[in-house]
K.L.:
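Here it is, the structure, as structure tokens.
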Number of protein chains: 2
Amino acid sequence: MIFGWDSIRREVLRRIGQREWPPGMLIPTEQDLATEFGVARATVNRALRELALAGVLERKRRAGTRVALLPVRKATLDIPVIRQEVEARGHAHSFRLLTHEAREAPVPVTSRLGLPEGALLLWIETLHLADGQPFAFETRWLNPAILPDPGPDFTQISVNEWLVAHVSYTLGDISFCAARASAREAKVLGVTLGEALFITERSTWAGPAPITLVRLAHGPGYRMQALV
Amino acid sequence: MIFGWDSIRREVLRRIGQREWPPGMLIPTEQDLATEFGVARATVNRALRELALAGVLERKRRAGTRVALLPVRKATLDIPVIRQEVEARGHAHSFRLLTHEAREAPVPVTSRLGLPEGALLLWIETLHLADGQPFAFETRWLNPAILPDPGPDFTQISVNEWLVAHVSYTLGDISFCAARASAREAKVLGVTLGEALFITERSTWAGPAPITLVRLAHGPGYRMQALV
DNA sequence: CGCGCGAATATGTGCAGACATATTAACCCC
DNA sequence: GGGGTTAATATGTCTGCACATATTCGCGCG
């Protein structure tokens, strides 16, 4: 029975799935569907808008709505704070601050963050542990301009959590890749040299001001999951 | 100036970013904001709904809307068809079908797909090339029940594209990890043994019926990107 | 035949009002 | 004071209408 925009969404999805509406087909207009289902056009609009957002439909003004030919599947993945991620797996989270010093950032870093060459940034290395076992090795360039004076005690609160609580970052990008463990990474994470690591790299910005550039190396066994 | 729900969204985001509304704070009701901005409540609702979806706000009926304390950042990543991915990088896509045979699927596969033990599935190995260079090594278990008779010629069209065009999968999951290249993977991809590979694993379903289980191994240099 | 311009049209968004629903706050009774 | 019931309230969604906007179609003109 049709009840609410979500049942319309599901019904449309069903028709697409059963090939009543094959890929590329122009589907009825919002008004027609509204009449068919006995609801207002706004309700149909809501359903179709969600499906377009999910990549199932393609919509254009005047041209109408059609079933996507090559539906670019979109996956949304949550990027939790490491503490939550560890605790969600039923482990106790702890961390060790390995390095915390001002350093002249190399050019790739300054250029990526839009800072002048040779800028002094904080270089911070943190090892995250799950039940005392190495979980992830975090290396970070942090823009000191955003810190209060005196700075927070990063041996007590992890940089990650301090940032989440004190800086509202609004934009950023994230990328993932695989890399072999360097000597240092192998030692810190307690894996063999050359082991395959899952790398997450993020840069975050508060408007135009760069905040931080993080690289997170996860040891073998780590798996990132998302629903499609 | 306030003009459209998106400017309300941005204004709310600005207030959060400037700490006018710090994390955890209860923000004004939709009605109050509607009055303040001089718009209808539905317009404010649209803006706040998007922000809640993005993880910036937390909303509860009767309890109101508050700024998320630990904003779970959500990244959406597009999962394109490999051909598109290769062509988007300015390369020519081609592929070679390496293996295509019926096999008794091992238990982990059948259990993951919800099939009886010892079920006969198609085992398909495909190497994807970008400008003739190995790009990704695809290994796949495919449920033959979904194929027409006679089956499509997978030397002409890649399994991936045939599925996209002929089967509307509705659900699935996707996960990513890093792994070292096995002897076969190293040989096929032309990398050294033990190289770090970026692995994508997907299972897809058409309603209750399992379709396929794919593992995609990308060589070094591959990077998956998403906007936050 | 080609080109440009205006009309037609499907979606995008807006408004005002209404009811549904989850959750909290207040209250009453013991 | 404690516990359970009731009322209040903010969000969730719907309706019906209206206008904005991007495209496309078709017509007329050179």
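In what follows, every chain begins at residue 1, and chains take the letters A, B, ... in the order their sequences are listed.
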K.L.:
Please give, in whole Å, the distance from C:dG12 C1' to B:Trp5 CH2?
P.N.:
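Rounded to the whole Å, the gap is 10 Å.
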K.L.:
Answer with yes or no whether the side chains of A:Thr155 and A:Asp153 bring together a donor and an acceptor at under 3.5 Å.
P.N.:
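Distance-only check passes for A:Asp153 and A:Thr155.
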K.L.:
Hey, can you pull the residues of residues 47-69 of chain A with a non-hydrogen atom under 4.0 angstrom from DNA chain D?
P.N.:
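Heavy-atom cutoff 4.0 Å gives A:Lys60, A:Arg61, A:Arg62.
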K.L.:
Starting at CD of B:Gln31 and ending at P of D:dT11, how long is that distance when rounded to a whole Å?
P.N.:
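The answer, rounded to whole Å, is 10 Å.
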K.L.:
Over how many whole Å does the gap from B:Arg9 atom CZ to C:dT13 atom P extend?
P.N.:
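The answer, rounded to whole Å, is 12 Å.
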K.L.:
Nearest-Å distance, CD (A:Glu30) to C1' (C:dG12)?
P.N.:
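So the two atoms are 8 Å apart, to the nearest Å.
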K.L.:
Taking only Lys NZ, Arg NE, NH1 and NH2, and the carboxylate oxygens of Asp or Glu, determine whether A:Arg140 and A:Glu138 approach each other closer than 4.0 Å.
P.N.:
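Between A:Glu138 and A:Arg140 there is a salt bridge, with a charged N closer than 4.0 Å to a carboxylate O.
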K.L.:
Nearest whole angstrom, please: distance from the C1' of C:dT13 to the CG of B:Asp6.
P.N.:
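Rounding to the nearest Å, CG of B:Asp6 and C1' of C:dT13 are 12 Å apart.
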K.L.:
With a 4.0 Å cut-off on N to O distance, would you call A:Arg66 and A:Glu58 a salt bridge?
P.N.:
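A:Glu58 and A:Arg66: not salt-bridged.
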K.L.:
Roughly how many Å is it from CZ in B:Phe3 to P in C:dG12, rounded to a whole number?
P.N.:
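One finds 17 Å between P of C:dG12 and CZ of B:Phe3, rounded.
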K.L.:
Applying salt bridge (Lys or Arg N to Asp or Glu O under 4.0 Å), run through A:Arg112 and A:Asp173 and close with a yes or a no.
P.N.:
CA-CA 11 Å; A:Arg112 177 117 181 251; A:Asp173 65 67; 3.1 Å; yes
K.L.:
In whole angstrom, give the distance that lies between atom CG of A:Asp32 and atom P of C:dA10.
P.N.:
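Nearest whole value for this atom pair: 8 Å.
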K.L.:
Have a look at B:Ala42 and say if it touches a base, only the backbone sugar-phosphate, or nothing, with a 4.0 Å heavy-atom cut-off.
P.N.:
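B:Ala42: no heavy atom of the nucleic acid under 4.0 Å.
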K.L.:
State the CG-OG1 distance between A:Leu121 and A:Thr212, to the nearest 0.5 angstrom.
P.N.:
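Here the interatomic distance stands at 9.0 Å.
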K.L.:
Does the ring centre of A:Phe198 sit less than 6.0 Å away from the ring centre of B:Phe198?
P.N.:
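When the ring centroids of B:Phe198 and A:Phe198 are compared, they turn out to be within the sub-6.0 Å range.
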K.L.:
Below the 4.0 Å mark, does D:dT13 have OP1 or OP2 next to a side-chain nitrogen or oxygen of B:Asn45?
P.N.:
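Negative; the distance criterion is not met.
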K.L.:
Which whole-number value in Å describes the distance from B:Arg41 CZ to C:dA16 C1'?
P.N.:
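About 11 Å, once rounded to whole Å.
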